[in-house]
There are 2 protein chains.
Amino acid sequence: MNVRSFCHYEKIMSEANFHRGEHTRTKIIRAAHDLFVKQGYHGTSMRQIASQADIALGGLYNHFEGKEDVFRAVFLEYHPYHEVVPALLAAKGETVEQFVRNGVNRIYEALDDRPDFLNLMFIEIVEFNSVHTNELARELTPVQLKIVERVREINLDKLRPIPPLMLVRTFLGLFFAYKLTEIIFAQPALPEFSENDLDYFINIYLHGILKGNDKLQMDVG
Amino acid sequence: MNVRSFCHYEKIMSEANFHRGEHTRTKIIRAAHDLFVKQGYHGTSMRQIASQADIALGGLYNHFEGKEDVFRAVFLEYHPYHEVVPALLAAKGETVEQFVRNGVNRIYEALDDRPDFLNLMFIEIVEFNSVHTNELARELTPVQLKIVERVREINLDKLRPIPPLMLVRTFLGLFFAYKLTEIIFAQPALPEFSENDLDYFINIYLHGILKGNDKLQMDVG
DNA sequence: CCTACCGATCGGTAGG
DNA sequence: CCTACCGATCGGTAGG
């Protein structure tokens, strides 16, 4: 939880008030998140957020400096890295293939509750020219290093020569490729893509990073 | 050019006026596109669009029913499929690898002038819940079939068993993976990613779809 | 009668 | 944390 530096007028605050304030702030962020991913940034008004969070419009400004500040908090609080980084660090397996499949499963399950996590990133890119994304990238540099270290611990004998960071980047790219092409190709009227579509992406990726003629353990293709 | 069905009241129109009207419509779409990709949908006002197109606000409504109608026209006119589909159909090569590399180059060059083509798709997804994307997907079904036919003409001996449509989908996913992870990982303050980053994605993809132990002709990894 | 626009203004809402 | 407002601007439309 952040320091409540947004409360300029409160010099002294009781424990009870502090927790009440934190709770309100959390309510606002959740309400704002739901509205932003559904309606976009400019499409969502401060009045809607206030109403959804069960406070008056003016009350928002006790917790946030303005609309962009609300979005920034939502973005930092709901960014998928909260799920993705622990999943990457916790992934286990004896071979690279097992590691990748385990990592995919962990991430897939962690993001399953939030099918619209991409919307948050898209809003940030189009409405704020990725300024918060860049801010986050700077802050997460040590985390990147930690992940790279973790990758180096794996037995990479069977891996083609690919820099660890590029390995992580292409791995995450897998999900973007899958999700975005699903949106592009999908036609709600027609029968859905089969459920093992993601498997094609995974297997192509695994064949792509592994050496030569080893057959994958759980190949579907 | 589309039929000007938006002018319900026009029963007869002279050639000169028709072309003047078409030109104005084109100017509006270009102006709106530039503003939308820079500022988002709700972030762009009809007044800004009119101003940028050098006409009065009221004049917009002689060409479009409203703001959403303007965006729809921009989306259909500037969607990357205009560049991507011809590039895919025109790709040449004697091996799958040559085909893929040629296709990548054609698409890369065609989209080079429009680094923000993703923004248009992102706005559509977050602001309109992909309704225009779905509309487009339905209209482009025959085009999909044409591309799949084209893929079948290629010598696919060296290819792992992957359905042609999945081949096309993962191929396009390549660009999304590259572009989006570039945004996520990039830090303007730090030295840029090297210029051959895309090559890693391409080579992983090629290794991923091709059989066994064949060495790629132009491998960098 | 038409097309292509204008200046002015409508009812509501924006962030603060 | 609320009520009561502000300057400005929103998308869209009026008559001419």
Side-chain angles (χ1 to χ4, degrees), chain A residues 4-14 16-29 31-32 35-36 39-74 123 127-128, chain B residues 1-29 31-32 35-36 39-74 123 127-128:
Chain A
R4 298 176 70 241
S5 57
F6 43 87
C7 291
H8 304 295
Y9 58 89
E10 296 174 19
K11 298 296 176 199
I12 299 172
M13 202 196 306
S14 74
N17 281 344
F18 177 82
H19 282 113
R20 186 140 34 99
E22 278 304 299
H23 177 246
T24 303
R25 184 182 155 90
T26 304
K27 269 205 308 183
I28 294 169
I29 292 179
L35 291 166
F36 282 147
Q39 308 179 340
Y41 177 75
H42 285 284
T44 299
S45 69
M46 291 294 264
R47 280 169 176 78
Q48 286 178 314
I49 296 170
S51 161
Q52 184 97 344
D54 272 320
I55 61 164
L57 171 66
L60 289 180
Y61 296 89
N62 292 319
H63 296 271
F64 300 96
E65 289 177 15
K67 194 178 181 183
E68 173 160 354
D69 195 32
V70 175
F71 180 82
R72 188 177 163 278
V74 169
I123 292 171
E127 306 284 357
F128 297 100
Chain B
M1 293 291 172
N2 288 327
V3 179
R4 298 174 70 240
S5 56
F6 45 86
C7 293
H8 303 295
Y9 53 86
E10 297 174 16
K11 297 297 175 201
I12 299 170
M13 200 196 303
S14 77
E15 269 291 299
N17 281 343
F18 176 83
H19 283 113
R20 187 143 31 102
E22 278 305 298
H23 178 246
T24 303
R25 184 182 155 90
T26 304
K27 270 205 307 186
I28 294 169
I29 292 179
L35 291 166
F36 283 145
Q39 308 179 339
Y41 177 75
H42 281 100
T44 299
S45 68
M46 291 294 265
R47 280 167 177 80
Q48 287 178 314
I49 295 170
S51 160
Q52 185 97 343
D54 271 321
I55 61 165
L57 171 66
L60 289 180
Y61 296 90
N62 293 319
H63 296 271
F64 300 96
E65 288 177 15
K67 195 179 181 184
E68 172 161 353
D69 195 31
V70 175
F71 180 82
R72 187 176 163 278
V74 168
I123 292 172
E127 305 283 357
F128 297 99

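Chain naming here is simple, since letters A, B, ... match the order of the sequence lines and numbering starts at 1 in each. Scope of the values below: all heavy atoms of this structure, side chains included, with no hydrogens, waters or symmetry mates.
- Minimum heavy-atom separation, A:Arg25 to A:Ala73: NH2-CB, 4.1 Å.
- If you measure from atom CZ of B:Phe64 to atom P of D:dT13, you get 15 Å, rounded to the nearest angstrom.
- Between A:Tyr61 and C:dG16 there is a side-chain N or O to OP1 or OP2 distance below 4.0 Å.
- Side chain of B:Asn62, nearest nucleotide from D:dC2, D:dG12, C:dA4: C:dA4.
- Contact annotation for B:Gly59: no contact, since no heavy-atom pair falls under 4.0 Å across all strands.
- At a threshold of 4.5 Å between non-hydrogen side-chain atoms, the residues B:Val70 and B:Leu60 do not count as touching.
- Nearest heavy-atom pair, B:Phe64 versus B:Asp69, reported as atom, atom and distance to 0.1 Å: CA-OD2, 3.5 Å.
- Taking only side-chain nitrogens and oxygens, A:Ser45 never comes nearer than 4.0 Å to OP1 or OP2 of C:dG15.
- What you find for B:Gln52 and B:Leu35 is that their closest heavy atoms are CB-CD1, 4.0 Å.
- Taking every heavy atom of residues 47-54 of chain B and every atom of DNA chain C, pairs under 4.0 Å involve B:Arg47, by number.
- Atom NZ of A:Lys67 and atom C1' of D:dC10 are 12 Å apart (whole Å).
- Straight-line distance from the CD1 atom of B:Ile55 to the C1' atom of D:dG12: 14 Å, rounded to whole Å.
- Rounded to whole angstrom, the span from the CE atom of A:Met46 across to the C1' atom of D:dC10 amounts to 18 Å.
- With the nearest nucleotide of DNA chain D identified for both B:Thr44 and A:Leu60, A:Leu60 has the one nearer the 5' end.
- Protein atom CD of B:Glu68 is 13 Å distant from nucleotide atom P of D:dG11, rounded to whole Å.
- The two residues B:Ile49 and B:Ala31 make their nearest non-hydrogen contact at O-CB, 4.0 Å.
- If you measure from atom CD of B:Gln39 to atom P of D:dT9, you get 14 Å, rounded to the nearest angstrom.
- Using the six-membered ring where Trp is involved, A:Phe128 and A:Tyr41 have ring planes that are perpendicular, over 60° apart on the 30 and 60° scheme.
- When the P atom of C:dA4 is taken as reference, atom CG of B:Leu57 falls 17 Å away, rounded to whole Å.
- When the P atom is compared between D:dA8 and C:dG12, the two are found 22 Å apart, to the nearest whole Å.
- Taking 4.5 Å as the limit, some side-chain heavy atom of B:Thr24 sits within range of a side-chain heavy atom of B:Ile55.
- One atom, CG of A:Leu35, and another, P of C:dG15, lie 12 Å apart when rounded to the nearest Å.
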